[in-house]
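First comes the structure, then the notes that go with it.
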Amino acid sequence: MYILIFFVLEFQMNLTDDDSRASQLFSLLARENHVMRMFMIGNAETLRDTPKKQGLNIYSKLKDFYKRLYSAQYMTLAVYSKDTLDKMETHVKDIFSSVPNNNFPRPVFDSQKDPFPDVSFHKIIKVLPVNNIHKLWVSWACPPVGDLYKTKPLDILDALITHEGKGSILSLLKKKTWAVGMTGNISFDGFDFNSTWSWFLFSIKLTPEGFKHYREVLVIVFEYLRMLRENFKSMTSFYEEQKLIAKTNFRWREKIDPLEYVEKVAENMHFFSEEDVLTGRSQFYQYDEMMVKSFLDYMTPEHCNVTLMAKELEELCTVEEKYYKVKYCMEDFDEKLMLNLQNVEKNPELHFPDPNQYIATDFDLKQVKEESCTKYPVLLKEDRFVKIWYKKDSKFCVPKGYIHVHLMSPVTYKTLENATMFDIYINLLTQILNEVTYSAVMADYDFSIDGHKTGMEIILDGFSHKLPELLKAVMHEVFNLETTEKFYQAICAELKKSYHNTMLRTDELCRSVRFAVLEPVQWTYAEKCLVVDSLSEDFVKFMNFAKEFQSKLFIEAFITGNFTPEEALSYADIMTSHMSGEAVPHDHQFKLLLREVPKSSYYCQQYSHNLSDANSTLAVYLQSEPGTIHTNCLNQLLQARMKEPCFDTLRTKHQLGYEVYSQNLVTNGILGMSIVVEFQAHKFSMLEVDNHITKFLEDFSTTIDDMTETEFSSLVASLIVVKQTEDSNLGEEASRSWKEILEQLYVFDILEKEISVLRTISLDSFKSWFKQYLPKEHRRISFQVLGHTEQATTTTADTGYKDIDCVKSKGYPCISDKNFSNIKHIDDIETATSNWTILPLTKITS
């Protein structure tokens, strides 16, 4: 029963995923009685209702399936341990010898090849999405490629077609403001890559303007394919370049999480020969020109499928798919479109990628003086413009590095308009850099840009040889932002869609409401939605904002890895070389504060913005106090003890929802706990879920009260073991140190300090600490986002709630629930919180 419920819950949680919904439509294109025509996930109808009507015992069928396929000859095993091979072999024999072997032959699907005949696959599918998106899929049903892993013909074509540098499809589409993103779909398993077929698909994220010109977008795609055929000799050098990059990456690959590693190895053992288990997924072994050419020649308009997703297609999408209830329609390619695609001309703006200048060739480890090899980061430079932290890697000994940069400015969150323009700036800059630095990304470098209330965070990583070149490219674009007004407006439109789509997710909406209530200055997605349209019409205002940001900065950075102190200082010069305005001391930046929740119990309820979604989220927030290292350790112990029974009680026993978890929260230095449940509105009411959480906390109180010294000592010891776990790679170490710098805490030995504190905490103090979260003492807010049942949809639609642009009250209209009449209602966020105390700025440093 539990298995069935979890399958159903997983399907329900997946109902709003537009990619899953569109993928399901492809089963309708498969041949009759083919395995690919089946419903691949399962829901209440297919796993319970239909079998019941047919007199089938689904549990008996599951056991038969288990006996037939859960057998030793079908299984692979990977073990990761510090023990000797002899000890590992002994353990494996002891543990796994009892796994049964039924000696049945492995199932094969040789008769199931070619599931998608052209007559059915060659269609234009138009889909009405849940989210506000404009997306174009172009795909081909290719033969299976599992046995071609050494040559990887589809991988190399995918790398070319989805390239984002100059001369690429995406670069040209951006220039026309028709698209802002493009991704491929290469894997080794699942619905889209198996022993019957390979789904070669790439997805283009269109702008609203690009949606109007999707036929011209398709022309550009086939112009690019023509270019590849005409310049096919260049394929060899591109393949060799990819081969060199993959080989270098494998040579210097760092350790990953052991569990993730053994999962991947065990999976690889199903696909690759024994000698290629570790390399088969990533390496390019040998170039097979004829094989690549055969796949490229297959990619013609006659074999192609086009899938288009947009809200504007609502009137055309009149057919409803059986399981996801997705609205769609299917059309043949019209004669004019086919002629245009079959007779594309040469486009001079499309060409093969230039040779990659970011491929590293120097892997020597830098030697530094002994005093420069420190355990923790050291302050290398500080002046009125910049503060530079440095740490030489002497542990992992890899020719790699990380550069973290925090561009702090008081203008980023000064007003609602500023906060929205800063989001535009981040998105616009990311789009520009995706093209400028794409060769670096291909060469296994990486960068990310994120916006915070305090400013812009930039993270670069990769081989130390060419990392300075990437830093120069990124900093140049940050301080020399150049774009057209048309592309700026396209980014504004995409950002508004992103705000809208984020609010459609009940978990994200619930989280946003929590911050709207707790933080004194918090501009919500809904509020930003209200101003982004007017900002899109004022390009000059945005450019002036960008200049103001660039002129009022303080830079704090952390450089770690295979660098000398002298090199680190030179990278600081790269960062500051563009600065020409006034310096803003870092202690003058935006202050991250939090409201104190009064001692009482509140609820704040919203409707989900997705009228067709029953998914709901309830998050019970329990606020504590400004944290210290000691009290934070108490809260961590509490979470360590609560995590498993919370999941077991609310998810496994009561089956409230698929996502159930507790959290230890540190919000702007203020401690707290949270219990989150994502559930279905037609299965449980908000009151039922809230009552279950209350009852769990009451029962958990007994668990804490009954805890023995032995049990408590074991709890403390287990948390200490976690904190003593060594970093697996340079990236983990760098992230931990950067967190201290980004939050301006600088307690680089925080783990050692926490371990020392944990050894001093008593059972009595632990029991006393938990009492603040119980009804007599608690500061409790139940944040609730209510999904829609069929009965409630009409009522909420009548209020105009479907239009997010009309929402008020910090962007979120609160609703009243008579079931919660015994606790205080936050009916208007600004009014309800206007007299709450704002807690002092808190940094957990001691």
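Bear in mind the structure is a predicted one, so any value in this text is a computation, not a measurement. Numbers here simply count residues along the sequence, with the first being 1.
Geometric assessment of Lys387 against the ring of Tyr746 yields a positive cation-pi assignment under the 6.0 Å and 45° thresholds.
A ring-centre distance under 6.0 Å is found for Phe363 and Phe463. A centroid separation of less than 6.0 Å is found between the aromatic rings of Phe563 and Tyr571. Between Phe554 and Phe385, the ring centre distance reaches or exceeds 6.0 Å.
Between Ile426 and Thr430, the shortest heavy-atom contact is O-OG1, 2.7 Å. Heavy-atom minimum distance, Leu429 versus Leu481: CD1-CD1, 4.2 Å. Here the closest non-hydrogen pair linking Val398 and Leu365 is C-CD2, 3.6 Å. For the pair Ile829 and Ala516, the tightest heavy-atom approach, listed with the atom from each and the gap, is CG2-O, 3.6 Å. Across every non-hydrogen atom of Glu556 and Trp389, the tightest pair is OE2-NE1, 3.0 Å. Val368 approaches Cys373 most closely through the heavy-atom pair CG2-SG, 3.5 Å.
Counting heavy atoms from C-beta outward, Ile432 and Val436 have side chains that approach closer than 4.5 Å. At a threshold of 4.5 Å between non-hydrogen side-chain atoms, the residues Ile424 and Phe545 do not count as touching. For the pair Glu733 and Lys395, the minimum side-chain heavy-atom distance is below 4.5 Å. Residues Val513 and Cys604 form a side-chain contact, since some pair of their non-hydrogen atoms from C-beta on lies under 4.5 Å apart. In this structure, Ile559 and Ile388 have side chains that are in contact, with non-hydrogen atoms separated by less than 4.5 Å. When side chains are defined from C-beta on, Glu659 does not count as touching Asp507, because their heavy atoms never get closer than 4.5 Å.
Residues Asn418 and Thr415 have side chains that bring a donor and an acceptor to within less than 3.5 angstrom of each other. Side-chain polar atoms of Ser171 and Glu435 form a donor-acceptor pair below 3.5 angstrom. Remark: the Trp738 side chain and the Glu457 side chain contain an N/O donor-acceptor pair separated by less than 3.5 Å. Side chains of Asp423 and Tyr499: a donor-acceptor N/O pair is present below 3.5 angstrom, by distance only. Residues Thr207 and Glu494 have side chains that never bring a donor and an acceptor to within less than 3.5 angstrom of each other. A donor-acceptor contact closer than 3.5 angstrom is absent between the side chains of Ser570 and Glu567. Using a 3.5 Å distance cut-off with no hydrogens or angles, the side chains of Glu754 and Gln636 do pair a donor with an acceptor. Residues Ser439 and Gln357 bring no donor and acceptor atom of their side chains to less than 3.5 Å of each other.
His163 places no side-chain N or O within 3.5 Å of a backbone atom of Ser168 that could act as its donor or acceptor partner. Proximity of a side-chain donor or acceptor of Ser577 to a complementary backbone N or O of Ile574 within less than 3.5 Å is detected. Distance alone, capped at 3.5 Å, places no donor-acceptor pair between the Ser728 side chain and the Asp257 backbone. Put simply, the side chain of Gln623 gets close to the backbone of Val597: a donor and an acceptor are under 3.5 Å apart. Looking only at distances, no side-chain donor or acceptor of Arg595 sits under 3.5 Å from a matching main-chain atom of Trp836. Looking at Asn356, its side chain never comes within 3.5 Å of a backbone N or O of Met442 through a donor-acceptor pair. The backbone N or O of Tyr376 sits nowhere less than 3.5 Å from a side-chain atom of Asp749 that would complete a donor-acceptor pair. For the pair Thr248 (side chain) and Leu244 (backbone), a donor-acceptor distance under 3.5 Å is present. A distance-only check finds a donor-acceptor pair linking the side chain of Thr484 to the backbone of Phe487 [under 3.5 Å]. For Gln550 (side chain) and Asn480 (main-chain N/O), no donor-acceptor pair under 3.5 Å exists by modelled atom type.
Qualifying salt bridge (charged side-chain N to carboxylate O under 4.0 Å, His left out) partners for Asp727, counting only residues two or more places apart in sequence or in other chains: Arg736. The ring pair (Phe, Tyr, Trp, His ring centres under 6.0 Å) check on Tyr425 picks up Phe549, with sequence neighbours excluded. With sequence neighbours left out, Lys547 forms a side chain to side chain donor-acceptor pair (under 3.5 Å) with no residue at all.
The distance from the NE2 atom of His452 to the CG atom of Leu742 is 5.0 Å, given to the nearest 0.5 Å. Interatomic distance, OH of Tyr261 versus NZ of Lys255, reported as 10.5 Å (0.5 Å rounding). Here CG of Leu622 is found 7.5 Å from OG of Ser674. Values are rounded to the nearest 0.5 Å. With rounding to the nearest 0.5 Å, the separation of CD1 in Ile459 from CG in Asp446 is 9.5 Å. One finds the CD1 atom of Ile761 at 11.0 Å from the OG atom of Ser756 (value rounded to the nearest 0.5 Å). To the nearest 0.5 Å, the span separating CD on Glu732 from OG1 on Thr725 amounts to 10.0 Å.
For Lys205, the NZ atom counts as loosely surrounded, since its 6.0 Å shell holds 12 or fewer non-hydrogen atoms of other residues, nucleotides or ligands. Atom NZ of Lys414 is surrounded by 12 or fewer heavy atoms from other residues, nucleotides or ligands within 6.0 Å. In Gln724, the CD atom is crowded: over 12 heavy atoms of neighbouring residues, nucleotides or ligands sit closer than 6.0 Å. Within 6.0 Å of NZ in Lys843 there are more than 12 heavy atoms belonging to other residues, nucleotides or ligands. Residue-environment remark: CD (Glu482) stays at or below the threshold of 12 foreign heavy atoms within 6.0 Å.
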Do Phe396 and Glu254 pass the side-chain contact (heavy atoms from CB on, under 4.5 Å) test, and can you show the C-alpha distance, the side-chain angles, and the key distance before you say yes or no? CA-CA 8 Å; Phe396 300 100; Glu254 294 184 77; 4.2 Å; yes

Check against side-chain contact (heavy atoms from CB on, under 4.5 Å), Met421 and Leu535: CA-CA 8 Å; Met421 286 191 287; Leu535 289 173; 3.8 Å; yes

Let's go through Lys166 and Asp354 carefully: what are the C-alpha distance in whole Å and the side-chain angles of both, what is the deciding distance for salt bridge (charged side-chain N to carboxylate O under 4.0 Å, His left out) to 0.1 Å, and is it a yes or a no? CA-CA 8 Å; Lys166 291 182 178 179; Asp354 295 328; over 6 Å; no

Test Met673 against Asn664 for side-chain contact (heavy atoms from CB on, under 4.5 Å), laying out the working first. CA-CA 5 Å; Met673 294 294 294; Asn664 164 41; 4.3 Å; yes

Trace of the side-chain contact (heavy atoms from CB on, under 4.5 Å) decision for Phe422 with Met456: CA-CA 9 Å; Phe422 190 52; Met456 183 185 299; 3.9 Å; yes

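Under the 4.0 Å criterion applied to side-chain N and carboxylate O atoms, Asp461 and Lys400 are not assigned as salt-bridge partners. Comment: Glu469 does not engage Lys466 in a salt bridge, judged by the lack of any side-chain N to carboxylate O separation of less than 4.0 angstrom. At a threshold of 4.0 Å, the pair Lys723-Glu752 does not count as salt-bridged, since none of the basic side-chain nitrogens sits closer than that to a carboxylate oxygen.
Using cut-offs of 30° and 60° on the angle between ring planes, the pair Tyr402 and His404 is parallel.
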